[in-house]
Amino acid sequence: MATSSPPTEAEALSPTVSQRDQWIVESHVFQIYQLFASIPPNAQSLMLEVQRDKHIEYLTKGLHHLSSTFSVLDSNRPWLCYWIIHSIALLGEFIDDEIEDNTVDFLNRCQDPNGGYAGGPGQMPHLATTYAAVNTLITLGGDKALASINRDKLYGFMRRMKQPNGGFSMHDGGEIDARACYTAISVASVLNILDEELIKNVGDFILSCQTYEGGIAGEPGSEAHGGYTFCGLAAMILIGEANRLDLPRLLDWAVFRQGKECGFQGRTNKLVDGCYSFWQGGAVALLQRLHSIIDEQMAEASQFSTISDVHEENESLAGTSSHATCRIKHEGMNESHSPDFKNIGYNFINEWRASEPLFHSMALQQYILLCAQDQDGGLRDKPGKRRDHYHSCYCLSGLSLCQYSWSKRPDSPPLPKVVMGPYSNLLEPIHPLFNVVLEQYREAREFFAGL
Ligand SMILES: CC(C)=CCC/C(C)=C/CC/C(C)=C/COP(=O)(O)OP(=O)(O)O
Ligand SMILES: [Zn+2]
């Protein structure tokens with residue numbers, strides 16, 4: 001809590017719980033880095049190796065059998081499918097036909113007769129599990145998986161989740177937050193069912209979630225957080241309204257969440273965690289793609305003497321779709337004068353231009369490989385924590401973003417010097433807006449474009 005007077009000696013000598021926790025994590029992480037620095041180069045390269053076979057073994061096992069402790073995830077079963085299958089795809093491994101068939105059949109049983117996917121058969125449809133199920137089916141690819149999605153019913157479910165304030169509810173009577181906006185817009189975009197009705201006022205809702213720190217909160221008045229920041233920014237890009245956010249402040253907030261442990265934290269004064277390699281690293285990677293808009297916003301800002309003048313100007317510019325379209329056009333994404341939101345996800349990767357990563361990519365790779373990787377397979381939040389499927393998915397997604405962060409094209413092979421460890425560490429590239437492997441995104445886009 002902020003206090004106007006300096007801490008007393010007694011206060012200074014008794015750290016807060018958060019300070020203590022931070023010191024413990026720092027000391028764990030630095031011990032690992034010191035050990036790494038003290039060993040010979042051949043042992044270092046072994047430590048930096050992506051343990052592909054071990055990861056695949058751990059992940060595949062999760063598709064066949066999970067212990068009873070996983071019963072707490074009973075309403076998250078499509079998430080387990082996504083975390084595991086996306087991780088396997090990132091590692092460039094194929095899913096065998098039997099698992100593929102079983103997964104498509106299982107997700108079909110999670111599909112609600114009135115649209116959307118539930119956390120398990122017979123449960124209530126939910127936007128988060130809908131996103132997880134759709135991304136899993138895209139990752140599996142092929143006509144059976146893609147055609148199993150009932151797009152008409154899904155569109156109906158999304159319209160029922162749409163709220164008067166522009167946001168979406170996660171489920172009937174559920175939370176209305178930035179996650180719901182992203183999951184709805186991401187799914188609608190990739191399935192080619194995004195329209196003006198779904199987009200209406202989403203930008204206003206997300207704009208109201210950007211906080212004084214610059215990051216985005218789950219809902220208005222809450223604290224900026226990496227997970228919601230990725231969701232809010234990706235949704236704004238997909239609807240062609242990213243320029244309405246204060247992007248320089250967003251960038252400033254996000255890049256400063258990468259700390260001396262080399263990984264990212266989710267919010268100010270919290271602990272480093274491997275999953276933010278994707279949520280924060282992904283937000284910064286998206287901002288890297290928007291750099292020309294940011295430059296322009298900064299140039300505009302510098303014309304004004306006070307920061308409130310800048311905000312007033314942003315207010316007056318906000319909300320006009322022609323303004324949004326003009327900025328997207330400036331990025332070389334869209335030549336038309338009406339918002340071409342149907343093609344933004346596609347243009348985002350096609351209009352790729354090389355530029356420097358805006359976060360410390362090598363440092364993040366170091367954290368993921370040395371601190372988040374379990375040498376027996378799977379990845380984790382931080383040293384001392386157990387591996388799990390969620391962290392495996394988002395650490396590997398973040399690692400892939402790092403490896404391609406200098407690339408001239410989204411999938412052109414990076415130079416060996418930007419891939420930490422042996423070049424065999426190279427993962428598959430992802431589409432940063434949807435977090436699916438790029439090749440799978442392309443197949444899905446082609447499939448749904450024709451419908
Ligand atoms: C697509 C989709 C559904 C995205 C979800 C995004 C996401 C990860 C949101 C974060 C939720 C949240 C408040 C975590 C804080 O947990 P904590 O307090 O345990 O962690 P912290 O200390 O790191 O903040
Ligand atoms: Zn985490």
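In this chain, numbering begins with 1 at the start of the sequence shown. We count ligands from 1, going down the list as the structure has it; atoms in each ligand are counted the same way.
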Contact atoms of ligand 1, heavy-atom distance to Y276 under 4.0 Å: 20 (O), 21 (P), 23 (O), 24 (O)

Donor-acceptor pair, side chain of Q44 and main chain of F36, under 3.5 angstrom: yes

Nearest-contact summary for atom 22 (O) of ligand 1 - protein heavy atom, Å: K270 CE, 2.8 Å

Atoms of ligand 1 close to G227 [distance to a heavy atom under 4.0 angstrom, numbered from 1]: 6 (C), 7 (C), 8 (C), 9 (C)

side-chain hydrogen bond (donor to acceptor under 3.5 Å, both in side chains) partners for S397, two or more places apart: H86, N435

Contact check: D273 vs ligand 1, nitrogen or oxygen atoms, below 3.5 angstrom: no

4.0 Å heavy-atom contact, Y394 with ligand 1: no

Number of protein N, O or S atoms [distance to the Zn ion (ligand 2) under 2.8 Å]: 4

Check: E261 side chain, V29 main-chain N or O, donor-acceptor pair, under 3.5 Å: no

Nearest neighbour in protein (non-hydrogen) for atom 17 (P) of ligand 1: R267 NH2, 3.9 Å

Atom 19 (O) of ligand 1 protein-contacted, heavy-atom criterion under 4.0 angstrom: no

Residue pair D112 / F157, side-chain heavy-atom distance below 4.5 Å: no

Criterion salt bridge (charged side-chain N to carboxylate O under 4.0 Å, His left out) on R386 and D374, from CA distance to verdict: CA-CA 8 Å; R386 289 167 71 97; D374 185 330; over 6 Å; no

Contact atoms of ligand 1, heavy-atom distance to R179 under 4.0 Å: 2 (C), 3 (C), 4 (C), 5 (C)

Close-contact set for ligand 1 against Y390 heavy atoms, below 4.0 Å: 8 (C)

Residue, atom name and distance, where the atom is the protein heavy atom closest to atom 15 (C) of ligand 1: H225 NE2, 3.3 Å

Side chain to side chain, Y394 and W83, heavy atoms closer than 4.5 Å: yes

Polar side-chain atom of H431 near backbone of G345 as donor-acceptor pair, under 3.5 Å: yes

Sidechain-backbone polar pair: Y131 side chain, F434 backbone, donor-acceptor under 3.5 Å: yes

Any residue meeting side-chain hydrogen bond (donor to acceptor under 3.5 Å, both in side chains) with R20, in chain and number order, not counting sequence neighbours: none

For C231, atoms of ligand 1 separated by under 4.0 Å from a heavy atom: 4 (C)

Within-cut-off N or O pair, T183 and ligand 1, under 3.5 Å: no

Selection from Y228, W279, F278 by shortest heavy-atom distance to atom 4 (C) of ligand 1: W279

Aromatic ring proximity, centroids under 6.0 angstrom, F168 and F205: no

Could you tabulate the donor-acceptor pairs under 3.5 Å formed by side-chain atoms of residues 251-258, not counting sequence neighbours?
from: R257; atom 1: NE; to: Q265; atom 2: OE1; distance (Å): 2.8
from: R257; atom 1: NH1; to: W253; atom 2: O; distance (Å): 2.9
from: R257; atom 1: NH2; to: Q265; atom 2: OE1; distance (Å): 3.3
from: Q258; atom 1: OE1; to: H360; atom 2: N; distance (Å): 2.9
from: Q258; atom 1: NE2; to: C262; atom 2: O; distance (Å): 3.0
from: Q258; atom 1: NE2; to: H360; atom 2: O; distance (Å): 3.0

Check: F264 ring centre within less than 6.0 Å of Y276 ring centre: no

